[in-house]
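See below for the structure under consideration.
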Amino acid sequence: MLSRVSVWFGALVIAVGAAAEAPVTFTDVTTEWGVRFEHNTGAFGQKYLPETMGSGVAVFDLEGDNDLDILFVNGMDFEGHPTRRPNTAKLYVKSGGAFEDKTRGSGLDVPMYGIGVATGDFDNDGDADVYVSCLGDDRLFRNEGGGKFADVTRQAGIKNPNFGAGVAWFDFDNDGWLDLYVCNYVEWTPQTDIFCTLDGTNKSYCTPESYKGVADILYRNNGNGTFTDVSKKAGVYDPSSKSLGVVAFDYNNDGRIDLFVSNDTEPAKLYDNLGGGKFEEVGMISGVAFNEMGVATAGMGVDAADYDRSGRYSIVVGNFSNEMVTLFKNEGNGLFIDAANETRIGQASLLTLTFGAFFFDADGDGWLDLFLANGHVENEIAKVQSTVSYAQPMHLFQNRKNGKEFVDIAKEAGL
């Protein structure tokens, strides 16, 4: 039997398949396995932009016992507007056939408007630490063992008071210490919130074009528990970006880890690691800055993998409704083409709004499949776009064992 567990936007599912040719079936075991998480956007009727972002989820081995545990990042109430919803993250530790809520006393049980999350052993002590990007000051939590974390943000030299988003741990200089890339979205505060409307009367969520971008941050690990902001020195500083997602991978197989950064309505970035602590932005010349129509898309969820067994990593990018998901196929020689349409992913994803995207082998046949988590940001979108809904189905694109064609089997799989 094949068995794998995943957490997708608050729902815990287990996939079971008898063999490579057997149908893929998912069963919702959220309640049965003891997971009870309620995300708090802080919404109180004003339709603030951060409410549209949701929060990240980290699945990692907290205790080194080879069982995967779950950290749900959470938002929080806006000042002066209590909602009576939880204001802290939730930490669930695997225990036998279920999960136990171990949030209280973990050190992660502090109010923060969390958005992105990534785990990695930044101090090389053998256990996973946690970085949470926030609306406001980000947090770095060092794993102290025994299910306890210490907030070491200040002493580590981390200072990012912006509108954080995607996060990635990676060793960009190959010195054996994990460095950190943090995406920042746009300049936004409750005081600078802008009135936008879909119908000319009622307030709606604004698009990112209404706000200025914010530069991302590349933190170099100094190897002594501290970090240094090397964004400008390394060549990744760009205040025009409105970044949401980041994935670290070696796109040109030169032994150095590169970065792809998805931007919302701004060109995507591909930072080629040149070595010596330097990057070169090659998004335009490599073909990943825009989709096949030459348009900068919403650029949200992102992942990279060798889905076609070419020996090269390709890139998937989740986009807004009425924008197809982008699948940048790595052609080698530093070039990518948008293969979403030719692989049948494009039209199938046209009306959905994709926040989460990742490759995994759902059916155990050795070919990577693609999962997309969808949902619109505007709960009244159907009033102005009859073909688009607020709640949206997931996509599970099954790789037809050739890397050239995918078929959406989400309904058949129970999703």
Side-chain angles (χ1 to χ4, degrees), residues 7 9-10 37-42 49-62 68-78 85-93 101-123 127-144 147-170 178-186 188 214 216-219 221 225-227 229 243-248 261 300-302 355-356:
V7 177
F9 284 69
F37 172 72
E38 178 186 3
H39 180 246
N40 180 14
T41 67
L49 181 63
E51 298 167 16
T52 66
M53 289 296 106
S55 293
V57 181
V59 181
F60 66 113
D61 185 358
L62 165 68
L68 291 177
D69 310 297
I70 308 171
L71 174 64
F72 289 93
V73 177
N74 203 0
M76 64 180 293
D77 297 341
F78 289 102
R85 294 192 292 268
N87 284 290
T88 71
K90 279 282 190 179
L91 178 64
Y92 287 96
V93 176
D101 184 347
K102 296 289 187 178
T103 311
R104 181 171 294 182
S106 67
L108 300 171
D109 52 340
V110 292
M112 53 183 165
Y113 203 110
I115 299 175
V117 60
T119 63
D121 184 8
F122 82 86
D123 52 4
D127 50 30
D129 309 297
V130 175
Y131 189 97
V132 181
S133 66
C134 299
L135 177 64
D137 292 319
D138 291 357
R139 303 291 188 93
L140 174 62
F141 297 96
R142 184 179 62 214
N143 192 330
E144 302 284 89
K148 307 295 183 182
F149 290 84
D151 187 338
V152 296
T153 311
R154 184 171 298 180
Q155 68 194 66
I158 300 292
K159 186 174 178 59
N160 182 33
N162 299 296
F163 190 158
V167 185
W169 290 104
F170 73 121
L178 286 179
D179 309 298
L180 184 68
Y181 191 92
V182 181
C183 294
N184 285 314
Y185 191 37
V186 296
W188 182 92
V214 181
D216 298 342
I217 300 177
L218 174 62
Y219 288 108
N221 191 331
T226 68
F227 292 81
D229 181 348
S243 303
L244 287 176
V246 56
V247 59
V261 180
M300 292 174 287
V302 60
F355 272 98

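Only a predicted model underlies this, so the values are computations on that prediction, with no experimental measurement involved.
- Closest approach of Thr226 and Gln155 over heavy atoms only: CG2-O, 3.6 Å.
- In this structure the side chain of Leu62 reaches within 4.5 angstrom of the side chain of Leu91, judged on heavy atoms.
- Contact annotation: the side chain of Asp77 approaches that of Asn40 to within less than 4.5 Å [non-hydrogen atoms, C-beta and beyond].
- Taking the side-chain hydrogen bond (donor to acceptor under 3.5 Å, both in side chains) definition, one finds that Trp188 meets it with Asp193, sequence neighbours left out.
- A donor atom on one side chain and an acceptor atom on the other are found under 3.5 Å apart for Asn160 and Asn184.
- Salt bridge Arg139/Asp151: present, at least one basic N to carboxylate O contact under 4.0 Å.
- With 3.5 Å as the limit, one finds no donor-acceptor pair spanning the side chains of Asn87 and Asn74.
- The stretch residues 101-120 participates, sequence neighbours left out, in these side chain to side chain donor-acceptor pair (under 3.5 Å) pairs: Lys90-Asp101, Glu100-Lys102, Asp101-Thr103.
- Using cut-offs of 30° and 60° for the angle between ring planes, the Trp169 and Phe122 rings count as parallel.
- The shortest side-chain heavy-atom distance between Phe60 and Ile70 does not fall under the 4.5 Å cut-off.
- Between Tyr131 and Tyr219, the ring planes lie tilted relative to each other; the angle falls in the 30° to 60° range.
- Among residues two or more places apart in sequence or in another chain, the ring pair (Phe, Tyr, Trp, His ring centres under 6.0 Å) test is passed with Phe163 by Tyr185.
- Here the straight-line distance linking atom CE of Met53 with atom CG of Leu135 works out to 10.5 Å at 0.5 Å rounding.
- Residues Val182 and Asp216 share a closest heavy-atom pair of O-CB, 3.3 Å.
- Here the side chains of Val167 and Val117 are not in contact, with every heavy-atom distance at 4.5 Å or above.
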